[in-house]
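What's counted below: heavy atoms across the whole structure, side chains too, no hydrogens, waters or symmetry copies. Owing to the predicted nature of the structure, the values given are computational and were not obtained by experimental measurement.
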Amino acid sequence: ATFSLRPPFQHWGTSLPPRMPRLFLWAQALFLSLPPSEEDSQQNMSPEHSSINIILFGALAKDYSESVSQGDTLLVTGFTVGNSPTAQKDKLHACNLQLAGDDAWMYVSTDSGRSSYAAKVVKYTYVPLSDLTPGVVVNVYAVVTFFKQPFRTKGTDYCSTLKITDQSNKKVGCTIFCDKLEEHPKIFKMGDIIRLHRVKTQLFNGAISLLTSHGFSVVTFDGMVGSPVVPRTSSGSFKFGEEDCQVVEALRTWAANQSLVPAEPCVPLSAVQPKTYFDLTCQLLAKAPVDSSCTLLKVWDGSKCPHPLLDVFVEPNTLEGSPTLSKDMANLTANVLVYDNHVEVARQFKPGSYLRIYNLHAVPGASRLPSNDSGQSDQMGHLGFHLHGGTSYGRGLRVLPEDSPDILDLKRILETFSESDINDSSMFEVWSTPPESFGMLTFFTLMLICTISRFPVNIAYKRTCDHTVEQVSLAEVKSRGPPQMFHIQAQLKSYQPQRLYQSLKLFCHKCKTIRDVPDDVTVGGLFSEAQKDVGPCNNGYWTLVLPLPKEPPSESPSRTLTLLMSSQLMGKGKAKELIFLKGATLEETCRIASAYSNIVPVTSPQGTMTPMDLSAPFLFRGTKRYYGCKQCSQLKVGESLGEGVEVWDEKSVADALGVQLLQYGLLMKLELQDGTGSLEALLWRDAESFFHVSAEDAAADQEAQDRVQETMDRLCPPGSSTAERPWMDLCLSAYTVEENGQRRACYQICHTDTRGTNTHTHPHATPSDT
DNA sequence: GATTAGGCTTAG
């Protein structure tokens with residue numbers, strides 16, 4: 001992965017980012033033992049010189065850190081011998097062995113004696129907890145009997161505190177330090193199985209404990225007998241085989257007969273006793289910051305609490321997500337106040353996600369929230385829930401993945417709410433409302449169904465238009481026909497293109513045509529084609545010709561890179577602001593563009609410098625690429641450049657070159673439905689405000705692309721049923737297009753804004769601005 | 001490259 005431009009560019013004095021190996025492993029006093037040779041004895045070498053440091057660089061470091069264990073025998077070839085800078089300190093050999101580059105290899109022979117090629121065959125040995133001795137690095141398999149979710153330490157890391165045990169019945173404490181939260185063990189409940197690689201034994205208070213050591217890794221599993229053995233890890237390169245399955249299953253079976261786990265700490269809202277501590281598995285409906293040390297979470301688990309639940313009012317504009325009044329009234333919403341260290345954790349949560357809250361305190365009596373001191377006298381004795389500060393008793397909270405068994409159960413329960421029909425008697429039970437208020441009940445039940453059926457993404461899609469139009473059904477839209485504006489309420493049935501990058505288009509304001517953004521293979525091909533033009537170009541530009549080092553195969557022709565700068569700009573000391581580049585590959589152009597403000601790739605077919613085929617970008621600015629319209633551009637390179645131009649941006653460069661600049665846009669076709677029918681509508685003119693993304697950013701920036709994807713995933717969650725999709729308030733413009741003499745009605749979504757993630761409007765409420 | 005914590009209830 002060497003960068004062929006480096007030598008000339010270093011000479012030229014640019015600041016191109018170097019491509020250095022990113023990974024290296026400091027493998028200290030590795031597991032290698034060299035038996036003292038005869039020469040050594042003759043030279044009176046001291047015994048400590050039988051140990052030597054090996055340093056691995058690059059890909060080797062990554063591969064071997066995954067595959068070498070203490071005690072393995074290594075065969076090392078292709079190394080260089082260097083002075084060991086740590087010889088004084090570690091008293092090891094004065095030299096070290098450095099393994100870098102393609103020639104360096106290391107072969108690993110495991111305990112079993114079968115030598116083999118590196119990473120593939122390493123076998124881990126697991127030590128029973130009763131056999132642990134202090135001061136060694138080991139691998140263990142165990143059952144978790146106590147755990148704390150990772151919490152911030154006073155140092156640089158997060159810490160997970162665990163207690164684990166195995167068939168040897170020995171209980172061992174385990175402390176995991178790691179600065180990355182995702183690398184901490186994913187433990188959801190006591191009884192989960194854990195596999196720890198490279199943990200260090202340590203004597204503390206007279207007992208063995210385990211501590212993370214270099215190269216530490218962890219995988220966890222559900223502890224329930226019979227459930228699928230699915231490793232939970234964030235590591236992409238962990239080893240997991242048939243034997244692991246067997247170890248996990250053996251531990252599960254053993255643990256099932258041991259009563260290791262105390263009485264089920266997980267309690268549904270329907271079984272909560274006041275003044276107790278319990279674990280709650282729930283879905284987050286909404287959250288709101290209360291103050292710097294307290295956050296409110298509104299959650300439910302689909303069960304009805306027998307005790308009246310405390311309601312906590314917060315300013316609606318501070319609330320993220322959509323709690324529903326109906327769930328409050330049905331005593332389904334639990335208000336959880338999360339304090340101190342847990343606030344940071346809760347900040348990451350998104351409404352709709354599934355949570356488990358550990359050691360939640362059910363507190364009868366009103367909360368002392370400043371905003372509702374007065375209003376809560378009538379809530380005396382209502383149950384509130386507190387997640388106190390600190391981590392005692394494993395107090396904490398985390399998101400559970402949607403496919404974990406407990407969540408599947410919970411989802412099923414929550415689904416029964418959205419599927420419930422008004423005539424469904426289970427609904428009446430939920431309400432436990434006396435028969436005499438039946439009329440009232442029907443109204444509220446209707447409300448409940450309306451709201452819940454739009455769960456979990458009850459987002460208000462706000463119309464931003466300023467006209468007043470009656471809201472109509474899709475069937476009416478079709479029967480009334482164009483030209484007209486409509487307001488509709490609909491769900492997304494499907495959309496095209498499914499590959500969202502294909503929605504990026506280039507638009508010419510002059511000839512009104514839309515074209516696709518070419519992919520890198522196509523653009524790269526145009527650059528290769530342009531490279532064939534090796535002739536000179538003499539049109540009065542300052543020219544710098546850079547020979548490039550030969551690349552294999554050696555018979556390939558030598559290449560040069562030509563940089564051209566305008567004499568006019570040179571005269572003003574602005575030469576670097578606009579650079580023309582000839583002979584570069586696409587990749588090289590991109591790299592150079594990262595260091596200069598405007599790079600124009602050019603060729604010189606008849607000895608005159610001219611922009612490349614306009615199928616390719618005519619301009620690179622940082623990560624952004626700009627295209628010109630083939631039909632409408634009238635290239636004029638060679639004439640005087642940019643008289644009076646102060647700032648060189650895409651517009652002034654396009655003007656100077658006679659290029660008709662194309663504008664980026666997003667084009668999608670959305671199929672809408674509302675129960676009266678479905679309708680295909682385009683998203684084009686107002687697509688940027690719909691997604692809150694500039695199309696130009698979306699062409700160059702992953703984050704912007706993600707935002708488009710997220711919006712589509714919210715409107716149409718992958719694998720979701722219609723009932724789960726949110727409703728949108730949309731403004732629709734109907735117009736007529738003529739194709740082959742045929743007139744056809746066309747619809748476009750306009751004036752609609754998906755920013756409303758923090759707002760909530762009841763589905764039947766009329767947006768205030770319409 | 002050391003350090004962090006080393007379960008055992010907040011007090012809202």
Using the closest heavy atom to pick a nucleotide of DNA chain B for each, name whichever of A:Asp340 or A:Tyr158 lands nearer the 5' end.
-> A:Tyr158
Quick check, are the ring centers of A:His388 and A:His361 under 6.0 angstrom apart?
-> yes
Which nucleotide, B:dG6, B:dG12, B:dT4, lies nearest any side-chain atom of A:Ser209?
-> B:dG6
Write down the distance between CD (A:Gln202) and C1' (B:dT4), rounded to a whole number of angstrom.
-> 12 Å
Mind checking whether A:His386 and A:Tyr339 have ring centres under 6.0 Å apart?
-> yes
Would one find a side-chain N or O of A:Thr153 under 4.0 angstrom from OP1 or OP2 of B:dA5?
-> no
Nearest-Å distance for atom pair CZ/C1', residues A:Arg395 and B:dG12 = 12 Å
Could you check which of B:dT10, B:dT3, B:dG6 has an atom nearest any side-chain atom of A:Phe151?
-> B:dG6
Can you tell me how far C1' of B:dT3 sits from CZ of A:Phe177, to the nearest Å?
-> 8 Å
Considering only heavy side-chain atoms of A:Asp157, the closest of B:dA5, B:dT4, B:dG12 is B:dT4
Closest to the A:Lys148 side chain, choosing from B:dG7, B:dT3, B:dT10 = B:dG7
Check the angle between the aromatic planes of A:Tyr124 and A:His197 and answer parallel, tilted or perpendicular using the 30° and 60° thresholds.
-> parallel
Member of A:Tyr393, A:Phe278, A:Phe147 meeting the ring pair (Phe, Tyr, Trp, His ring centres under 6.0 Å) criterion with A:Tyr358 | A:Phe147
NA contact type, A:Gly389, heavy-atom cut-off 4.0 Å: base, sugar-phosphate, or nothing?
-> base
Nearest whole angstrom, please: distance from the C1' of B:dT10 to the CG of A:Asn359.
-> 10 Å
Determine the Euclidean distance between corresponding P atoms of B:dG1 and B:dA5; express it in Å to zero decimal places.
-> 23 Å
What nucleotide, of B:dA5, B:dT9, B:dG12, holds the atom closest to the side chain of A:Cys159?
-> B:dA5
Would you say a side-chain N or O of A:Lys163 is under 4.0 Å from OP1 or OP2 of B:dC8?
-> no
Between A:Lys171 (NZ) and B:dG7 (C1'), how many Å, whole number?
-> 14 Å
Candidate nucleotides B:dT9, B:dG12, B:dA5, ranked by approach to the side chain of A:Leu211 - the nearest | B:dA5
Whole Å only: how far is the CG atom of A:Asn53 from the P atom of B:dG1?
-> 10 Å
Report the distance from atom CZ of A:Phe216 to atom P of B:dG1, rounded to the nearest whole Å.
-> 20 Å
Gap between atoms NE2 and P, on A:His184 and B:dT4 respectively (whole Å) = 15 Å
Does the distance from a Lys or Arg side-chain N to an Asp or Glu carboxylate O, for A:Arg195 and A:Asp244, drop under 4.0 Å?
-> yes
Among B:dC8, B:dA2, B:dG12, the nucleotide that comes nearest once only the side chain of A:Tyr393 is considered | B:dC8
